[in-house]
Chemist: 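Handing you a structure now.
No experiment lies behind these values; they were computed from the predicted model shown.
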Amino acid sequence: MTETDTRVQPRRRGLTRSQKRAVSRGVQYAVFVAALVALGLTADWDQLRNQFAQVDLAERMFPDIITLALKNTVLYTVSGFVFGLALGVVVALMRLSSVGPYRWLAGIYIEIFRGLPALLIFIFVGVAVPLAFPGTEIPGGTYGKVALALGLVAAAYMAETIRAGIQAVPKGQMEAARSLGFSHARAMVSIIIPQAFRIVIPPLTNELVLLFKDSSLVLFLGVTLEERELSKFGRDLASETANSTPILVAGLCYLLVTIPLGFVVRRLEAKAGEATK
């Protein structure tokens, strides 16, 4: 064998890691575009247009869908959020209490109301409460019932979020406050809880988005024409006209609120991430 024959041949180099990623992305984009094209070619656009895009029906919904349905949806959501936030703070403090029964009660409440579907809570508030307490009226009528139902559900989630926020505050903050003569309760209210809220603002804002959508369950409480929210408003007109355009318009009205709120959540999360660096 010659020296040339025994010389080690250079190994061929394959694709680099970045090139493999680029190829993988290209394949994924191609599959996505092909799927969209296939859906576009196979869909019956005339049927979809007739069922979901009747301009005259959409025009009939205005301005009531904004001045009545969207307004009620926002009111239901805000009232439920405020009540849920207040109750959530109380439950969170009970979870952190040194008193055993408080912790047990808070834990039971959280497990029950996080585990039950929101629909059952609405039915409970609308049916079980009047049966259990005859002659008792929840203040605020339908708005009060919705605030109670949404708040009971939201508080279970908010309590755990707020508890995590309180525990995320450095322990030195409490020690510093106590060294300055603050009582434990005053230190919690004046120093710890405000810092905890700055930490948990993003998840609480996300909870507001979820409540906005859950407000559609108000129909199970039995509402009047003036108390309808977006889903009930769109469904009633869709049943009247045998067309789904009102439901699509109602869905777009939800997006008018949820998309900006989602943007706010992302901005708050980004700021919170920058603050922790």
Chemist: Counting neighbours of CD on Q173 that are heavy atoms of other residues, nucleotides or ligands and sit closer than 6.0 Å, is the number greater than 12?
Modeler: yes
Chemist: Is the shortest distance from a Lys or Arg side-chain nitrogen in R95 or E160 to a carboxylate oxygen in the other one below 4.0 Å?
Modeler: yes
Chemist: Between R60 and E240, does at least one N-O distance fall below 4.0 Å, as a salt bridge requires?
Modeler: yes
Chemist: Are the side chain of S179 and the backbone of A176 linked by a donor-acceptor contact shorter than 3.5 Å?
Modeler: yes
Chemist: Looking only at heavy atoms, which two atoms of L217 and A118 are closest? And how far apart?
Modeler: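 Looks like CD1-CB, 3.6 Å.
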Chemist: Side chains of Q28 and S24: do they bring a donor and an acceptor to under 3.5 Å?
Modeler: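 Short answer, yes.
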Chemist: Linking I/L/V/M/F/W/Y whenever any side-chain heavy atoms sit under 4.5 Å apart, do L93 and V90 land together?
Modeler: no
Chemist: Could you give the distance from CD (Q51) to CG (L48), rounded to the nearest 0.5 Å?
Modeler: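 Here the interatomic distance stands at 9.0 Å.
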Chemist: So, the side chain of Q54 versus the backbone of N50: is there a donor-acceptor pair under 3.5 Å, distance only?
Modeler: yes
Chemist: Between K171 and M174, is there a side-chain heavy-atom distance shorter than 4.5 Å?
Modeler: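 Of all side-chain heavy-atom pairs linking K171 with M174, none is under 4.5 Å.
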Chemist: Without hydrogens or angle criteria, can the side chains of E229 and S215 be said to hold a donor-acceptor pair below 3.5 Å?
Modeler: no
Chemist: About how many Å separate SG of C253 and CZ of F62, when rounded to the nearest 0.5 Å?
Modeler: 5.0 Å
Chemist: Using the side chain to side chain contact (heavy atoms under 4.5 Å, CB included) definition, which of the options D64, I65, L57 pairs with M61?
Modeler: I65
Chemist: Please report the shortest heavy-atom distance between V169 and A196, naming the atom on each side.
Modeler: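 The answer is CG2-N, 3.8 Å.
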Chemist: Examine distances only and state if a side-chain atom of Q47 and a backbone atom of D44 form a donor-acceptor pair shorter than 3.5 Å.
Modeler: no
Chemist: Do V89 and Y157 sit in one hydrophobic cluster, given that two such residues count as connected whenever their side-chain heavy atoms are within less than 4.5 Å of each other, even indirectly?
Modeler: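 Different clusters: V89 never reaches Y157 through Ile, Leu, Val, Met, Phe, Trp or Tyr contacts under 4.5 Å.
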Chemist: Counting only heavy atoms not in Y143 (residues, nucleotides, ligands), do more than 12 fall under 6.0 Å from its OH?
Modeler: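 Check passes, neighbour count above 12.
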Chemist: Can you get from L237 to F52 by hopping between Ile, Leu, Val, Met, Phe, Trp and Tyr side chains that sit under 4.5 Å apart?
Modeler: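 Different hydrophobic clusters.
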Chemist: Is any side-chain heavy atom of T224 less than 4.5 Å from a side-chain heavy atom of E227?
Modeler: yes
Chemist: What I'd like to find out is whether the side chain of L87 reaches to under 4.5 Å of the side chain of Y109, using heavy atoms alone.
Modeler: yes
Chemist: Over all heavy atoms of both residues, which pair between G165 and I199 is shortest? Give the atoms and the distance, please.
Modeler: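 Here G165 and I199 meet closest at O-CD1, 3.9 Å.
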Chemist: Side chains of K71 and I66: closer than 4.5 Å at any heavy-atom pair?
Modeler: no
Chemist: Step by step, work out the side chain to side chain contact (heavy atoms under 4.5 Å, CB included) result for M158 and F81.
Modeler: CA-CA 10 Å; M158 291 184 184; F81 182 81; 3.2 Å; yes
Chemist: So, do L131 and V127 sit near enough that their side-chain heavy atoms are less than 4.5 Å apart?
Modeler: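 Answer yes - side chains close enough.
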Chemist: Output yes when a side-chain donor or acceptor of Q19 lies under 3.5 Å from a complementary backbone atom of T16, and no otherwise.
Modeler: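 It does hold such a pair.
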Chemist: Mark yes or no for whether S190, through its side chain, and A187, through its backbone, hold a donor-acceptor pair below 3.5 Å.
Modeler: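 Checked: no pair found.
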Chemist: For residues M188 and I166, determine if any side-chain heavy atom of one lies less than 4.5 Å from a side-chain heavy atom of the other.
Modeler: yes
Chemist: Should L70 and V257 count as side-chain neighbours, where that means a heavy-atom distance under 4.5 Å?
Modeler: yes
Chemist: Is there a donor-acceptor contact under 3.5 Å linking the side chains of Y254 and T73?
Modeler: no
Chemist: With a distance cut-off below 6.0 Å to the six-membered ring centre and an angular limit of 45° from the axis, does R186 pair with F182 as a cation-pi contact?
Modeler: yes
Chemist: Measure across E226 and L68 and return the closest heavy-atom pair with its distance rounded to 0.1 Å.
Modeler: O-CD1, 3.2 Å
Chemist: What is the minimum heavy-atom distance between F212 and V74, and which atoms define it?
Modeler: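 Smallest interatomic distance, heavy atoms only, reads CE1-CG2, 4.1 Å.
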Chemist: Could you check T245 against N243 for side chain to side chain donor-acceptor pair (under 3.5 Å), going step by step and ending with a plain yes or no?
Modeler: CA-CA 6 Å; T245 299; N243 190 276; 2.6 Å; yes
Chemist: Please tell me if the side chains of L119 and F220 come closer than 4.5 Å, counting only heavy atoms from C-beta onward.
Modeler: yes
Chemist: Taking all heavy atoms of G88 and all of I162, pick out the closest pair and write down the distance.
Modeler: C-CD1, 4.0 Å
Chemist: Just by distance, do the side chain of S244 and the backbone of I247 share a donor-acceptor pair under 3.5 Å?
Modeler: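 Not confirmed, S244 side chain does not pair with I247 backbone.
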